[in-house]
Amino acid sequence: MTDESLVVIGSGPAGVSAARAYREAGGKGRVRLLSADPNPPYARPPLSKDFLRGESGEADIALDGPGDDVELVLDDPVAELGEHEVRTESGAVHPFTRCVLATGAEPVRPPVPGAEHPDVRCLRSLTSSRELRSAAGSARSAVVVGAGFIGCEAAVSLARLGVQVTVLCPGSVPQEQRLGRDAGELILHWLKAEGVSVLRETRLESVTEGHRVHTGLVPALDTDLVLLATGIRPRVELAEKAGLAVEHGRVRTDQHLRTSRPGVYAAGDVAFTHNPSAGRALAVEHWGEGLAMGEVAGRSAAGVPASWDVVPGFWSEIGDHVLKYAAWGDGFDHACPVSRDGGFTVWYERGGEAVGVLTHNADDDYARGGELIREHHPIPPR
């Protein structure tokens, strides 16, 4: 053992990956993983899908731990990040020579009356998914506010539990701004095929009594359950109080996940990280990128060269339909759909270069798309 010590703040994919990678890269000394969550590390993607539907249990979504020689401290949020130590809410002090911030993000409740009511739910943690599944057991109807991936996945899951679900979609189709009109039309079709009603071009105006929803389109919609799927906010408070550079609401890092303070790294949802393949800093909110960025941060903390230079990507399951998406994630000029045998591909182009690809049952295009995006090549001819 040496005087080296690593503290990782956060037990999501970036935190667990960072602790494991640090050890695997030869990092010495004491390693502590500090978590605000009362539950041991778990996979979050199933929380809106099979776990919510009761098709998998807690043992099925448990993450492989960071290692037997990593100390895991649960249910004790970090309150202060100092120069060489962190202090938790319980008063515990943990010294470090290296620190990885993997504090993740929290659900955003829209600034409308009633959104903070305790009966209005969000879905981000194992605890919240457990509670939502329990509430769905006695609910006849539900309103899901938001038509992003979490909203669509949860809407289908609730519908399969026998709940009559209505989705409030702010655009003309789900995810039109992110994925384009054609992809949004397909997602809309999938939702309707599951019996989900979609109120389009409408936003939540208020919630009264925790279950009466008011929108510009429908003055009053009574329901048994309200779920907010209205985005997330990176947890940057620790970094801001510690004086770390924050940009676009996230902790700014270089490609090695180093922050503005020597010895402190950031990874996952909380990071705004330079990606040399993209040629700019990117914000990502994908599970797989949390794992990848955590690995880079852990290796960098151990003094082993590592760089985050991949094309970010993720998968989403909306009912029985799997979408695969890889993109720089900061916009496109044109979305070009292509039909495939039993599936489809949407190519995203900006300035003559491929900047994204979305596929359904077109794995060859997904693999090819990642290479085209990384190499800044044009999209394939149609």
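We use all heavy atoms of the structure for the numbers below, so side chains are in, but hydrogens, waters and symmetry mates are not.
With values rounded to the nearest 0.5 angstrom, Glu153 atom CD is found 10.5 Å from Leu191 atom CG. Once rounded to the nearest 0.5 Å, the distance linking CG of Leu132 with CG of Leu52 reads 5.0 Å. With values rounded to the nearest 0.5 angstrom, Ile61 atom CD1 is found 5.0 Å from Phe51 atom CZ.
The pair Asp309-Arg374 meets the salt-bridge criterion, with a side-chain N (NZ, NE, NH1 or NH2) lying under 4.0 Å from an Asp/Glu carboxylate O. Using a 4.0 Å cut-off between a side-chain N of Lys or Arg and a carboxylate O of Asp or Glu, Asp320 and Arg160 qualify as a salt bridge. In summary, Arg299 and Glu24 do not engage in a salt bridge, as defined by a charged side-chain N under 4.0 Å from a carboxylate O. Salt bridge status for Asp364 with Arg340: absent, with no side-chain N to carboxylate O gap under 4.0 Å.
Summarising the local packing, NE2 of His376 is surrounded by more than 12 heavy atoms from other residues, nucleotides or ligands at distances under 6.0 Å. Within 6.0 Å of the CG atom in Asp69, the count of heavy atoms belonging to other residues, nucleotides or ligands exceeds 12. Within 6.0 Å of CH2 in Trp315 there are 12 or fewer heavy atoms belonging to other residues, nucleotides or ligands. The environment of Arg181 atom CZ is dense: over 12 non-hydrogen atoms of other residues, nucleotides or ligands sit within 6.0 angstrom. Crowding of Arg130 atom CZ: a count of heavy atoms from other residues, nucleotides or ligands under 6.0 Å exceeding 12.
Through ILVMFWY side-chain contacts below 4.5 Å, Ile232 is grouped with nothing and stands alone.
No side-chain heavy atom of Thr223 sits under 4.5 Å from any side-chain heavy atom of Gln164. At least one side-chain heavy atom of Ser307 sits less than 4.5 Å from a side-chain heavy atom of His256. The shortest side-chain heavy-atom distance between Ile318 and Leu323 falls under the 4.5 Å cut-off. Counting only heavy atoms from C-beta outward, the side chains of Asp363 and Lys324 approach each other to under 4.5 Å.
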### Message
Is there a salt bridge (Lys or Arg N to Asp or Glu O under 4.0 Å) between Arg124 and Asp37? Walk through the geometry before answering.
### Response
CA-CA 11 Å; Arg124 183 66 178 174; Asp37 200 305; over 6 Å; no
### Task
Show your working on salt bridge (Lys or Arg N to Asp or Glu O under 4.0 Å) between Arg280 and Asp330 and close with a plain yes or no.
CA-CA 10 Å; Arg280 56 193 180 274; Asp330 52 1; 2.5 Å; yes
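For the residue pair Val355 and Gly331, the shortest heavy atom distance occurs at CG2-O, 3.7 Å. When every heavy atom of Asp76 is checked against every heavy atom of Val73, the shortest pair comes out as CB-CG1, 4.3 Å.
Taking the six-membered ring for Trp and the full ring otherwise, Phe149 and Phe314 have centroids separated by under 6.0 Å.
Side-chain contact, Thr208 with His214: a donor N or O sits under 3.5 Å from an acceptor N or O. Checking Arg98 against Ser300 by side-chain atom types alone, no donor-acceptor pair falls below 3.5 Å. For the 3.5 Å distance criterion, the side chains of Thr127 and Ser125 fail to qualify, holding no donor opposite an acceptor.
The salt bridge (charged side-chain N to carboxylate O under 4.0 Å, His left out) check on Glu205 picks up nothing, with sequence neighbours excluded. For the ring pair (Phe, Tyr, Trp, His ring centres under 6.0 Å) test, residues two or more places apart in sequence or in another chain that qualify with Tyr348 are Phe332.
Here the rule is ring-ring contact (aromatic ring centres under 6.0 Å, His included) with His360, and of Phe344, Tyr366, Tyr325 only Phe344 fits it.
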